[in-house]
Amino acid sequence: QVQLVESGGGLVQTGGSLRLSCAASGRTFNSYGMGWFRQAPGKERDIVAAIGWSGRSTYYADSAKGRFTISRDNAKNTVYLQMNSLKPEDTAVYYCAATTKSYYVIQVYEYDYWGQGTQVTVSS
């Protein structure tokens, strides 16, 4: 069993930055692929970024490319999402997720564990 706890969300102005963190419990964290998703009111939960177990392979949704960076520190059982140049359309609840696959995956159904989410609000 893996428990995921997100932190770092909040209110920021357009153009600002936030760094989300996801702390994971469990000894097998460093063998899991990890992902960040987001869900705005009335919309589906969409992939933002994903990372393989080693951190060397990453994926970004088009909306995140060039602005967001996903990384992980296996020694700290933590995955991060650095978000720069934030826009109002980035406003959503952001979720951290873990898959027992060692490589990254991008579909919601491929993830086995989810955090409770953290709210990100970008004001215009």
Side-chain angles (χ1 to χ4, degrees):
Q1 189 74 9
V2 173
Q3 291 186 326
L4 304 173
V5 179
E6 301 100 333
S7 61
L11 174 65
V12 64
Q13 291 185 332
T14 296
S17 298
L18 284 173
R19 188 176 82 154
L20 305 183
S21 299
C22 174
S25 65
R27 294 177 295 173
T28 53
F29 169 80
N30 60 8
S31 67
Y32 287 176
M34 301 293 296
W36 284 99
F37 288 76
R38 68 186 183 187
Q39 187 167 21
K43 296 190 176 181
E44 294 184 349
R45 189 171 297 189
D46 293 325
I47 185 76
V48 176
I51 190 167
W53 72 273
S54 69
R56 288 194 295 266
S57 59
T58 57
Y59 168 88
Y60 295 95
D62 287 344
S63 59
K65 288 178 182 176
R67 299 188 301 129
F68 295 1
T69 303
I70 189 171
S71 62
R72 65 190 296 162
D73 185 337
N74 287 341
K76 296 182 177 179
N77 278 15
T78 302
V79 63
Y80 304 97
L81 185 68
Q82 177 66 45
M83 303 188 295
N84 299 327
S85 302
L86 283 162
K87 306 174 183 179
E89 51 263 44
D90 295 317
T91 296
V93 177
Y94 283 70
Y95 296 91
C96 173
T99 174
T100 55
K101 300 177 178 67
S102 61
Y103 49 90
Y104 72 73
V105 292
I106 64 173
Q107 301 295 333
V108 169
Y109 70 85
E110 296 179 289
Y111 283 86
D112 303 288
Y113 304 100
W114 292 85
Q116 81 290 349
T118 186
Q119 177 71 46
V120 171
T121 303
V122 184
S123 63
S124 57

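Fair warning: this is a prediction, and the values are worked out from it, not measured in the lab.
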When rounded to the nearest 0.5 angstrom, what is the spacing between [atom1] in [X] and [atom2] in [Y]?
| X | Y | atom1 | atom2 | result |
| --- | --- | --- | --- | --- |
| Thr99 | Gln107 | OG1 | CD | 12.0 Å |
| Leu4 | Asn77 | CG | CG | 10.0 Å |
| Lys101 | Asp112 | NZ | CG | 6.5 Å |
| Met34 | Tyr111 | CE | OH | 8.0 Å |
| Arg38 | Glu89 | CZ | CD | 8.0 Å |
| Ser25 | Tyr113 | OG | OH | 9.5 Å |

For this session: Using the side-chain contact (heavy atoms from CB on, under 4.5 Å) rule, take Gln82 and Leu18 through it: C-alpha gap first, then chi angles, then the decisive distance, then the call.
Result: CA-CA 6 Å; Gln82 177 66 45; Leu18 284 173; over 6 Å; no
Problem set entry | cation_pi(Arg45, Tyr95) dist<6.0 Å, angle<=45 | yes
Exercise. Hey, does the Lys NZ or Arg CZ of Arg72 hover above the aromatic six-ring of Tyr80, less than 6.0 Å from the centre and inside 45° of the axis?
Worked result: no
For this session: Assess whether side-chain contact (heavy atoms from CB on, under 4.5 Å) is satisfied between Val108 and Trp114, documenting all intermediate values.
Result: CA-CA 10 Å; Val108 169; Trp114 292 85; 3.7 Å; yes
Exercise. How close do Ala92 and Ala40 get, heavy atom to heavy atom, and via which atoms?
Worked result: CB-N, 3.9 Å
Problem set entry | Heavy-atom pair of closest approach, residues Ala98 and Tyr32 | CB-CD1, 4.2 Å
Exercise. Can Trp36 and Phe68 be said to form a side-chain contact (heavy atoms from CB on, under 4.5 Å), step by step?
Worked result: CA-CA 11 Å; Trp36 284 99; Phe68 295 1; over 6 Å; no
Exercise. Per the side chain to side chain contact (heavy atoms under 4.5 Å, CB included) rule, which among Ser71, Ser21, Cys22 passes with Val79?
Worked result: Cys22
Exercise. Mind checking whether Val12 and Ser17 have side chains closer than 4.5 Å, heavy atoms only?
Worked result: no
For this session: Could you go through the salt bridge (charged side-chain N to carboxylate O under 4.0 Å, His left out) check for Lys87 and Asp90 one step at a time?
Result: CA-CA 5 Å; Lys87 306 174 183 179; Asp90 295 317; over 6 Å; no
Exercise. Can we call the ring centroids of Phe29 and Trp53 under 6.0 Å apart?
Worked result: no
Problem set entry | Exam field: side chain Glu6 to backbone Cys96, donor-acceptor pair closer than 3.5 Å | yes
Exercise. Is the backbone of Ser63 close enough, under 3.5 Å, to the side chain of Arg67 for a donor and an acceptor to pair up by distance?
Worked result: yes
Exercise. According to the interplanar angle, ranging from 0 to 90°, do the rings of Tyr59 and Tyr104 count as parallel (below 30°), tilted (30 to 60°) or perpendicular (above 60°)?
Worked result: tilted
Problem set entry | Stepwise side-chain hydrogen bond (donor to acceptor under 3.5 Å, both in side chains) check, Asp73 with Thr78 | CA-CA 5 Å; Asp73 185 337; Thr78 302; over 6 Å; no
Joint hydrophobic cluster, [X] plus [Y], side-chain heavy atoms closer than 4.5 Å:
| X | Y | result |
| --- | --- | --- |
| Tyr60 | Leu86 | yes |
| Leu81 | Val105 | no |
| Ile106 | Ile51 | no |

Problem set entry | Heavy-atom neighbours of Gln3 CD exceed 12 at 6.0 Å | no
For this session: Please test Val93 against Thr118 for side-chain contact (heavy atoms from CB on, under 4.5 Å), starting from the C-alpha separation and ending with a verdict.
Result: CA-CA 5 Å; Val93 177; Thr118 186; 6.0 Å; no
